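Comments concern the structure below.
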Number of protein chains: 2
Amino acid sequence: MDTNATLPTLAETAVARLREQIVSGEIPGGARLAEAAVAQGLGVSRVPVREALVRLERDGFVEFSPTGRARVKELSPGDFEELFTLRLALEPLAAKLAAPVLRADQGGLKRNVEKTRRAGSVREVTCLDLEFHELILVAAGNTRLLSLWRSLRGELELWLGLLHRQHQTRTRETREETVQAHLEILEGFAKESPAVCERILRRHILGWRDWLPTFEEVGA
Amino acid sequence: MDTNATLPTLAETAVARLREQIVSGEIPGGARLAEAAVAQGLGVSRVPVREALVRLERDGFVEFSPTGRARVKELSPGDFEELFTLRLALEPLAAKLAAPVLRADQGGLKRNVEKTRRAGSVREVTCLDLEFHELILVAAGNTRLLSLWRSLRGELELWLGLLHRQHQTRTRETREETVQAHLEILEGFAKESPAVCERILRRHILGWRDWLPTFEEVGA
DNA sequence: CGTATCCATTCGGTATACCGTTTCGGTATA
DNA sequence: TATACCGAAACGGTATACCGAATGGATACG
């Protein structure tokens, strides 16, 4: 996507590493992220860590106490509802806006689905799933809409990771369900009006909510 | 709102000062914000300035070049459209969610309108206007929805400041139009169903877009 | 006159050091 | 036994210093 010529900054790599550890559950929800400790763990000074924490907060992975202490965000069922509500507000809108664009050029989405077909792990499917949705947001051409969605994406990834771990989801099933659903969306973009595309995404998100109603406790 | 007991951090005060200078136009759109210069201007070191810039980016006042250079965000008509689209997606939704709460307790909104009645400057009206809308978002009880809106608020404030400056808006007019519109919304929350409240907000935002169609160029 | 090149300067990224505040466990007291 | 108090350690906020990269203007070349 962004083949940045400049070397990745230490803060950026810190973001990436922490993000990975948080999503994978290696650093559990609610865990303290003391600057010094994280810095030592990554072999850098506190400065880039500090910056990384701020960015992770923006992306929904981390939250700060009033006194500036950082913790990994805890997931509560109420949070899931909030997230669901917002996806339902943003993604169908994005689909409507993106419809004309995606009717003309489905290359990106198709490539994504192909990659998903060949995915070898649940984690990989999850990433590609998120990428699929992000491609729609990008095609919508509203940069602010995109950044709003991105600020939700982190937490979304957190949920998907957690749920898959609890579910012990099978790769094959997940992959095929995902591919199936995305193909339907793809077909919609090819044939239907923007308004219908909007409804299709709406249904898709609604289905996503049903996908995991079996969870009661999300203990650490 | 948040009567924080802890002393405001230098970074926070830097955010507040820069924000004020940007909104007032003292620092024009597109202006470079070199860390060292800003730091010297505020009489602090680069560290808190650095953090302030990151936050201002999150709040839509500042943007970074790929090489990390910060500039005050430039306003283009396309940006205004994006902002409009997103307000139209978020605020009616918030109104629907907030309706039950605001039917039961209109105290906050009423106090806001009273303050607006007594506002002595266009700037003050603008702030209270934004606060009115934010109160609805708060009442909606979706913390993520609120933070999405907040990330738009900065840019919104930027626009309102610019437009009022260009318009040479009169305090009295602005104040009375605002109060009038907000009273109608208030009445809706008192009497109508969530769905109707949603539509009322929708109309309000649509009206806001018409409020300023006369602008072509937004030169620096 | 236009264009490419190079160098001085600016600027951001990071490390380190210091300070005031917050935390938290242990002790003394009611 | 529960609670209030106290002190040491932990932690975040900030200043300063250094380095390498980016920038932009002057100079040399076509």
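Only a predicted model underlies this, so the values are computations on that prediction, with no experimental measurement involved. Chain A is the first sequence line, chain B the second, and so forth, proteins listed ahead of strands; every chain is numbered from 1.
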Problem set entry | Contacts of Glu20(A) that satisfy salt bridge (Lys or Arg N to Asp or Glu O under 4.0 Å) - sequence neighbours left out | Arg123(A)
Exercise. How would you list all residue pairs meeting side chain to side chain donor-acceptor pair (under 3.5 Å) that involve residues 35-50 of chain A, not counting sequence neighbours?
Worked result: Glu35(A)-Arg46(A), Glu35(A)-Arg50(A), Arg50(A)-Glu51(B)
Exercise. Excluding sequence neighbours, so at least two apart, what forms side-chain hydrogen bond (donor to acceptor under 3.5 Å, both in side chains) with Ser151(A)?
Worked result: none
Problem set entry | Nucleic acid footprint by protein, nucleotides 6-17 of chain C - heavy-atom cut-off 4.0 Å, B for base, S for sugar-phosphate alone | -----SBBBBBB
Exercise. dC11(D) C1' sits how many Å from Arg71(A) CZ, rounded?
Worked result: 13 Å
Exercise. Listed by chain and number, what are the salt bridge (Lys or Arg N to Asp or Glu O under 4.0 Å) partners of Asp79(B), not counting sequence neighbours?
Worked result: Arg144(A)
Detail all sub-3.5 Å separations between protein N/O atoms and N/O atoms belonging to nucleotides 5-9 of chain D.
none

For this session: Taking side-chain hydrogen bond (donor to acceptor under 3.5 Å, both in side chains) as the test, write out the residues that go with Thr85(B), two or more places apart.
Result: none
For this session: Scan residues 108-147 of chain A for pairs that pass ring pair (Phe, Tyr, Trp, His ring centres under 6.0 Å), counting only residues two or more places apart or in two chains.
Result: Phe132(A)-His182(A), His133(A)-His182(A), His133(A)-His204(A)
Exercise. Tell me, which pairs form a salt bridge (Lys or Arg N to Asp or Glu O under 4.0 Å) where one or both residues lie in residues 91-104 of chain A, sequence neighbours left out?
Worked result: Arg87(A)-Glu91(A)
Exercise. Got a minute to check which stems DNA chain C is part of, using Watson-Crick or G-U wobble pairs under 3.5 Å, three or more consecutive?
Worked result: C:1-30 with D:1-30
Exercise. Is the count of non-hydrogen atoms from other residues, nucleotides or ligands lying under 6.0 Å from Arg17(B) atom CZ greater than 12?
Worked result: no
Exercise. Mind checking what makes side chain to side chain contact (heavy atoms under 4.5 Å, CB included) contact with Arg111(A), not counting sequence neighbours?
Worked result: none
For this session: List for me each residue that meets side-chain hydrogen bond (donor to acceptor under 3.5 Å, both in side chains) alongside Thr13(B), sequence neighbours excluded, and say none if there are none.
Result: none
Problem set entry | Between dC11(D) (C1') and Leu53(A) (CG): distance, integer Å | 13 Å
